[in-house]
Amino acid sequence: MLRLTCTTALVAVLALSAGQAPAQSQRTTGPVATYWVTARTTSGLPTGGAGFDPMAMMSGGGVQKSLSLQLQADRTAPSPDAEHEPPAGLNTGILPLVTPAGQSTLPDSEPMPPSRGDGRRMRMLIYHGCGEPTGPGQPLVIEISTDNPAQGASQMTALMEAVRVSPETPPSPGAGRTYGEWPNNRSSRQVPANGSLVGDHLVRGNYTPDIRFSLGADQDFMEPVLLTGVADGGSLGWNAVGGARGYFAMTMGANEAEEMVVWTSSDIPVSFGQVPDILSPSDLERLIRQGVVLPASTTRCPIPNAVQMAAPQSMLRVIAFGGEANFSNPPRPANARETWNIEHVVKVRYTSSASTILGMDMSDFGGDDERDQGREAPDSRRPAATPADALRGVLGGLVRRR
């Protein structure tokens, strides 16, 4: 019953994305296989895939492209084997989709550690909005104590309820009879900077029907987000990213009082990490109307001076939300009385983001030797400061408050 309900909902989404009204009386079966492709472009300091990962930022910068491939099918095989043959322009070769060992079901969630009750307190200062001055009631101060976990809980609940994001459900272990993914422990090669998704794609294996789809020039990786005004956050801006449907900017840092300081470009208070880097089209449209996500025409969002004074060194991230491409095979029959036997569905999602340290120039992370040649040599008696040094300072402040 659950699978039938999910299939019906998926069919409705596909029909709506194609501009058609779902035929309520049409009987459907399948899909036999579901395949999701997530294409990310990152610039500046790497953010580690789906979330903001400060520790991953220690490794350096530059423009990077990455893919996440997830396949689930209602068929099985004694030794599951599948692969994705991308167009030659991706420059990766064939990508094996590996079924994780021992993951025939969804992994159990780890229990939350009990509260230590040692009297520790955490104060969070939340700012929001672009430009000067800060709005009334800012910052929103939330204080949480390990001796009284309920303290601040109502404020956090109000924040979460004000900005609701529908969790997407990509293919995963246990959702179908067989699951395969890339990258994996057998293959995790990096997508080259010049890699392109444009062209014909083929997914094949011994537990899935052949999945063929083609991506056009407007369905390639998104352009990188290039930040300006980072050294002076009051003039923060970025390029108009092709294909972007909206933008979201955020910072996180700590002050000398060991308080966490959060700022977002949202018109209403939003906690750090509350808005993921990929949003469904319906959520994206709603959050733009709500003022949480900036419209696609926006290329500038000055950070209030009060934020920079509260936490002079903060981690800064700007997200450009892309759209998605949906495919199904075979197409919906024109005759509503004819059963639609769906063999497979494909969803391709796009996002681009840039991360850096507020107060530092993005060119520090580009690795451009020619640009470095004209710079004055650092004092040989003192090691030159690096982006990683600045990041350690920011992380140190966040760690000390715990």
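Side-chain atoms are counted along with the backbone in the values below, which use heavy atoms only and exclude waters and symmetry mates. Owing to the predicted nature of the structure, the values given are computational and were not obtained by experimental measurement.
Residue Arg300 holds its CZ atom at 10.0 Å from CH2 of Trp238, rounded to the nearest 0.5 Å. Taken to the nearest 0.5 Å, the CG atom of Leu316 stands 6.0 Å off from the CG atom of Leu227. Going from atom CH2 of Trp182 over to atom OG of Ser188 covers 7.5 Å, rounded to the nearest 0.5 Å. In this structure, Met260 CE and Met252 CE are separated by 5.5 Å, a value rounded to the nearest 0.5 Å.
Proximity of a side-chain donor or acceptor of Gln308 to a complementary backbone N or O of Ile303 within less than 3.5 Å is detected. No donor-acceptor pair closer than 3.5 Å links the side chain of Asn305 to the backbone N or O of Glu132. The backbone N or O of Tyr179 sits less than 3.5 Å from a side-chain atom of Thr99, completing a donor-acceptor pair.
Taking the side chain as every heavy atom from C-beta outward, Leu159 and Ile142 approach each other to under 4.5 Å. Between Gln26 and Pro333 there is a side-chain heavy-atom pair separated by less than 4.5 Å. Within the 4.5 Å cutoff, side-chain heavy atoms of Leu215 are placed close to those of Phe213. Side chains of Val191 and Phe221 form a contact here, defined as non-hydrogen atoms less than 4.5 Å apart. Taking 4.5 Å as the limit, some side-chain heavy atom of Ile319 sits within range of a side-chain heavy atom of Met250.
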Run the side-chain donor-acceptor check on residues 195-205: report pairs under 3.5 Å with partners two or more places apart or on a different chain.
from, atom 1, to, atom 2, distance (Å)
Ser196, OG, Val198, N, 3.2
Ser196, OG, Asp220, OD2, 2.9
Asp200, OD1, Ser214, OG, 3.1
His201, ND1, His84, NE2, 2.9
His201, NE2, Leu197, O, 2.7
Arg204, NE, Glu83, OE2, 2.8
Arg204, NH1, Glu85, OE1, 3.2
Arg204, NH2, Glu83, OE2, 3.0
Arg204, NH2, Glu85, OE1, 2.8

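In terms of the side chain to side chain contact (heavy atoms under 4.5 Å, CB included) criterion, residue partners of His344 (sequence neighbours excluded) are, by chain and number, Ala33, Ile211, Asn329, Val346.
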### Task
Show your working on side chain to side chain contact (heavy atoms under 4.5 Å, CB included) between Cys130 and Leu294 and close with a plain yes or no.
CA-CA 10 Å; Cys130 302; Leu294 299 170; 4.3 Å; yes
### Task
For Glu324 and Arg349, run salt bridge (Lys or Arg N to Asp or Glu O under 4.0 Å): C-alpha distance rounded to whole Å, both residues' side-chain angles, the deciding distance at 0.1 Å, then the answer.
CA-CA 5 Å; Glu324 63 181 41; Arg349 309 184 297 169; over 6 Å; no
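Annotation for Arg212: atom CZ does not count as buried by contact number, only 12 or fewer foreign heavy atoms lying within 6.0 Å.
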